[in-house]
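Beneath this line is the structure, given in structure tokens, with notes to follow.
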Amino acid sequence: METYNPQEIEPKWQKYWEENGFYKAEDFSLPRRQAGRKPKQYLLLEFPYPSGDGLHVGHCRPYCALDAIARQKRMAGANVLFPIGWDAFGLPTENYAIKHGIHPSIATQKNIANFKRQLKNLGLSFDWSREINTTDPKYYKWTQWIFLKLLEKDLAYQAEIPINWCPACKIGLANEEAVGGACERCGAVVERKVQKQWMLKITAYADRLIDDLEGLDFPERVKSQQINWIGKSFGTEIQFPINNLSISVFTTRADTLFGVTAMVLAPEHPLVEKIVAPENKESVKKYIEDAKRKSDFEREKLEKEKTGVFTGSFCRHPLTDEKIPIWIGDYVISAYGGGAVMMVPAHDQRDFGFSKKYNLPLKIVICPNYPEPVCPILDKAYEGEGHLVSSGKFNGLKSAEAIKKITKELEKKKLGKETIQYKLRDWVFSRQHYWGEPIPVVHCPKCGTVPVSEKDLPVELPYIEKYQPSHTGESPLSAITDWVNVKCPTCGGPAKRETDTMPNWAGSNWYFMRYCDSNNDKALADPKKLKYWLPVDWYNGGMEHTTLHLLYSRFIYKFLFDIKVAPQKEPYQKRTSHGVVLAGDGRKMSKSFGNVVNPDDIVQKYGADTLRVYEMFMGPFDQAISWNEDGVKGVARFLEKAWKISLTCAGNKQSNEDILRAIHKLNKKISEELGQMKFNTIIAGFMEFVNLAQEKPTEVGSDAIERMLILLSPFAPHMAEDLWSRLGHKNSIFQEKWPEYSEEIIKKDTTILVIQINGKTRDTIEVKTGISEKEARELTLSQKKVKTYILDKEIKKVIFVPGKLINIVV
RNA sequence: GCCCAAGUGGCGGAAUUGGUAUACGCGCCAGCCUUAGGAGCUGGUGGAGCAAUCCUUGAGAGUUCGAGUCUCUCCUUGGGCACCA
């Protein structure tokens, strides 16, 4: 018997599949209503970032999983689109290029070639004819086009906002490069530097991004994380007058309005300058300067100790006209709720701490045990709801009702209104780096900011030698004068190009649309093709993208829907998430820990099929799990056994009843569980079948073996294909139809009946399937073992679950 | 603090959704084979006990004829958000 030699058979079949174009998705399948038209199925995985490190076995898990699903769906008759491409702009490549002295464009090519080789070694069934690359000008032309459309609809704008600035390296850092408030390169403390940035108005879509989640097949945790991130809260906006001005605050607890003892403004609040009393100017100035110097990190660290400074000024309570002191505190976020807070120390823990520190008064207005007039002595704020006290004509009302009535009263006085606040911020969409899509805009001294005209797209990223970040905070592109200096598209006068580039999320916003028509040079994609393929039926990706890429691309898709480019309002019908593969030591796989497992090594040692099956078997797909090479060996043993048993039994005629039943049960299991991504139990099912077949090989016929191979082919495609041909088949196993199972065969004419006494299992008996309760009862009571348990006790009740168990209560 | 998951053998994990807890794999033990094995094969393997039997799904209560699964309280771990007013 030929031994199982994956190193020999795998390249052979990979070549065969590719040459025969088995994975090509057909646009439109057949015309509508024509017989044989296949249903479309768009399966998508997050396209990889081709880093210099190459793929590790963690990347492979979702690839193997979706590949198995793609293969199965094709066999079940679907027209499957399973594409792949490269998300190649961005910092990691830029840093890699700087470190190794290789131009980013060269590094990208090199890395892509390496990734491609690695992926092809796994025998994944991607449609390579649709491959895309976000750094290809033919691709990013349309990324820039989308930007122009956003600009046209006022959803892109410029604003002065703080960025992370490393004073030592003199460069702006992305948030992920400044984790913990320290520069990733040199460790210096990161400062905030205000700079003009391009922003996208994602907040305009906040409600739709929440509401349209309904009806999508996303995991609950994904939905709730997005909803949380958007952070919608209903409340009241209240004006506190000060002379002819007013301070606007947002609160969700208007019922505590009579408990306000102070007003606290964020240090950046625009009114600060106007209202500080002369005698407090010095102390306020010092406080604000200190606050500015504090990094976000320090601000977080000081979470417990809130600080502030009195401005010396007072505003008026909107309903009582009382004088209310105005403070400044850096715990107030300037970007949320108007950058001002009404302080209610009795009913908010933060305010409680603040007023205790500065000896401010405290006024109880919510009583949890009304009508008991006595409220407990406070050692902390009471944040719950209750009945109002000391609140004038609102006394005795419950919180919820009081919020309504107080808001109404404020509305009457034009000092407040119902409002909604979001935590979601607009999206900072520019980077001062080289390796990204140029923002297609020109700055003209006469005409202002002018968009590049569509016919001049793409604005190509110039090939430059010095792509290191500049020390001025500007993009390195700003030094390329012959690229920067252009004629204004409007007036023809001298103007300058925008030198900022887009973040690496830009290309991934819409890449799944490009797969529908990846070579189109007239449009982002042919609308008919978009309509045929979209939405994506199934999108698998990492949880870490839930509030980034997944949210961003939903926003962009909705925008494209609004301008009639995208055919629906949501891009992804179903979302699943894979768990991370950790290294054997339980830590994240990382070059710096030296614990990365390279799939090349596993493929070389055990074969791609072993790697694929192990990836599926190692544990529940959506959970994090550690790599364990002993487990890989176990899978290798299993495939070896499956190989042997297939060749041993291939010449046998018909399987006996037990074997036939077992293979149909396995067939059923896979058909049911594949869609639920229960890969680990599916592989366990194969192992059980092979173990059973090994016990009685003479009873296993070629019918069962062939069925097993077809079932196995999505998971171990090379081995299944090879054995299929060894069994004498001239066609590819992937041209076979996905087999139907028969409930008739699965059903047995006897079943095991569990006997319980008082709910405890005491015995099992084999009985005819469909036995009546009366028969079962008689049979049970005649069992010797049962008799010893019952003895002379009285039988109170008998519970009979047909086909399962009988329970005798004594 | 808030939100979301999850706690089952020595380990990764199964359990048809309320019906034989520990499938499958790893590891371990014994035996066989081998010059040898970090190879292969066979058998065993939750705990206690000589045994019959008893105990066992983070802890405790509850519902039920019957609970890993449902309800409540608590504990622990992981993930996300976090001074969001």
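Side-chain atoms are counted along with the backbone in the values below, which use heavy atoms only and exclude waters and symmetry mates. Small disclaimer: the values here were computed from a predicted structure and weren't measured.
Residue A:Asn691 places at least one side-chain N or O closer than 4.0 Å to OP1 or OP2 of B:G25. The side chain of A:Lys760 contributes no N or O atom lying less than 4.0 Å from OP1 or OP2 of B:U53. Of the side-chain N and O atoms in A:Lys306, none sit less than 4.0 angstrom from OP1 or OP2 of B:C83. Look at A:Thr761 and you'll find a side-chain N or O under 4.0 angstrom from OP1 or OP2 of B:A21.
Counting non-hydrogen atoms of neighbouring residues, nucleotides and ligands closer than 6.0 angstrom, the CD atom of A:Glu544 exceeds 12 such neighbours. With a 6.0 Å radius and a threshold of 12 heavy atoms from other residues, nucleotides or ligands, A:Lys357 has its NZ atom above the threshold.
Taking atom CG of residue A:Leu805 and atom C1' of nucleotide B:U16, one finds them 14 Å apart after rounding to whole Å. The nearest whole Å value for the distance from the CD atom in A:Gln676 to the P atom in B:U17 is 11 Å. Counting to the nearest Å, the P atom of B:C4 and the CD atom of A:Glu544 are 21 Å from each other. Remark: P of B:U64 and NZ of A:Lys796 are 14 Å apart, rounded to the nearest angstrom. If you take CD1 of A:Ile806 and P of B:U20, they are 15 Å apart, rounded to a whole angstrom. Summarising the geometry, the separation between CZ on A:Arg221 and P on B:A5 is reported as 10 Å, rounded to the nearest angstrom.
Glycosidic torsion of B:U17 falls within 90° of 0, placing the base in syn. In B:G37 the O4'-C1'-N dihedral to the base is more than 90° from 0, which defines an anti nucleotide.
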side-chain contact (heavy atoms from CB on, under 4.5 Å) assessment of A:Ile420 paired with A:Lys232: CA-CA 7 Å; A:Ile420 294 166; A:Lys232 184 177 188 176; 3.8 Å; yes

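Looking at the side chain of A:Thr764, the nearest of the listed nucleotides B:U20, B:C81, B:G27 is B:U20. Checking B:A85, B:G13, B:C81 against every side-chain atom of A:Gln623, the shortest atom distance belongs to B:G13. Proximity note for A:Phe617 (side chain, C-beta onward) versus B:C24, B:G27, B:A85: the nearest is B:C24. Distance from the side chain of A:Ile799 is smallest to B:C65 among B:C24, B:U20, B:C65. The side chain of A:Tyr331 approaches B:C83 more closely than any other nucleotide in the set B:C83, B:C81, B:A14. Among the nucleotides B:C83, B:C24, B:G27, the one closest to any side-chain atom of A:Met687 is B:C24. Of the candidate nucleotides B:A14, B:C3, B:G19, B:C3 has the atom nearest to the side chain of A:Asn228. Side-chain atoms of A:Ile625 lie closest to B:G12 of the nucleotides B:G12, B:A14, B:C26. Of the candidates B:A85, B:G19, B:A23, the closest approach to any side-chain atom of A:Ala684 belongs to B:A23. For A:Asp330, the listed nucleotide lying nearest its side chain is B:C83; candidates were B:C83, B:A85, B:A82.
Across all strands shown, B:U73 is found opposite B:A59 as a Watson-Crick or G-U wobble partner, with both distances under 3.5 Å. Using N1 to N3 plus N6-O4 or O6-N4 for Watson-Crick, or N1-O2 and O6-N3 for G-U wobble, each under 3.5 Å, B:G40 pairs with B:C32. Under the Watson-Crick or G-U wobble criterion, with both distances below 3.5 Å, B:A85 has no partner in any strand shown. Under the Watson-Crick or G-U wobble criterion, with both distances below 3.5 Å, B:A23 has no partner in any strand shown.
Residue-level contact check: A:Arg762 touches the backbone only, with heavy atoms under 4.0 Å from sugar-phosphate atoms and none from bases.
Of the possible donor and acceptor atoms, one in the side chain of A:Ser399 sits under 3.5 Å from a partner among the backbone N and O of A:Gly386. Between the side chain of A:Tyr287 and the backbone N or O of A:Thr307 there is at least one donor-acceptor pair closer than 3.5 Å.
Counting atom types as modelled, A:Asn807 pairs a side-chain N or O with a base atom of B:C65 as donor and acceptor under 3.5 Å. If you check distances only, the side chain of A:Gln225 never reaches the base of B:G79 with a donor-acceptor pair under 3.5 Å.
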